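Quantities reported herein were computed from a predicted structural model and do not represent experimental measurements.
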Amino acid sequence: MTKTQVKAYYSLFGDYFDPDEVTSKLEITPTSVTRKGDIINVKHSHQETSWTVGTEYEESLDVNDQLIKVMNVLKEKADEINTIQVQNQLKCKFYIVIVMEEGYTPALYFDSNFMKFADSIHAEIDVDLYANPYSADTV
């Protein structure tokens, strides 16, 4: 079995808005919330406010397993998501983070149901790939 890990999440984000209001309107508990200006560390703070729902890292060789979990939480809320975006001038994005171990690479494709849903809420898709082990000598 592979050690390759996949995490998928969806975020609404923008300058200033009330994440608690998003939680109330969507009736979904977020997995994380950040507020613009919140301190990250001594040199950095959050540049925007975000409301996020997603999976933890899971062992997987098919990214759709994680995307479907996130989509299923949100799919009945498309109208509410669109209203929240317009009212608060927000953007949204699905993020996929893949940590590949020992050359095991998961399937990365988007089925038509996911594509239709992402389009219906005007979501972009962002994919981050990390390959382990990594050696600068092999580049």
Inter-residue atom distance Gln5.CD - Glu59.CD, 0.5 Å rounding | 6.0 Å
Asn82 side chain to Ser120 backbone, donor-acceptor under 3.5 Å = yes
Distance-only donor-acceptor check, side chains Gln66 and Glu58, under 3.5 Å | yes
Separation between NZ (Lys25) and CD (Gln87), nearest 0.5 Å, reads 4.0 Å
Closest contact, heavy atoms only, Gly14 versus Glu48 = O-CB, 3.3 Å
Please name the pair of heavy atoms, one in Val70 and one in Ala8, separated by the smallest distance, quoted to 0.1 Å.
-> CG2-O, 3.4 Å
One should read off an interatomic distance between Asp126 CG and Lys93 NZ, to the nearest 0.5 angstrom, of 4.5 Å
Does the side chain of Thr23 pick up a donor-acceptor pair with the side chain of Trp51 at under 3.5 Å?
-> yes
To the nearest 0.5 Å, tell me how far Phe13 CZ sits from Gln85 CD.
-> 9.0 Å
For Lys7, what residues pass the salt bridge (Lys or Arg N to Asp or Glu O under 4.0 Å) criterion, not counting sequence neighbours?
-> none
Interatomic distance, CG@Leu12 vs CG@Leu90, rounded to 0.5 Å, equals 6.0 Å
Taking the six-membered ring where the residue is Trp, are the ring centres of Phe114 and Phe94 under 6.0 Å apart?
-> yes
Residues Thr52 and Thr31: side-chain donor-acceptor under 3.5 angstrom = no
Evaluation steps, side-chain contact (heavy atoms from CB on, under 4.5 Å), between Leu67 and Asp65 | CA-CA 6 Å; Leu67 279 176; Asp65 294 343; over 6 Å; no
Working for side-chain contact (heavy atoms from CB on, under 4.5 Å), residues Ile96 and Asp128 | CA-CA 6 Å; Ile96 302 159; Asp128 291 329; over 6 Å; no
Would Ile28 end up clustered with Ile84 when hydrophobic side chains under 4.5 Å apart are linked, directly or stepwise?
-> yes
Stepwise, does the side chain to side chain donor-acceptor pair (under 3.5 Å) test hold for Thr34 with Ser50?
-> CA-CA 5 Å; Thr34 64; Ser50 68; 2.7 Å; yes
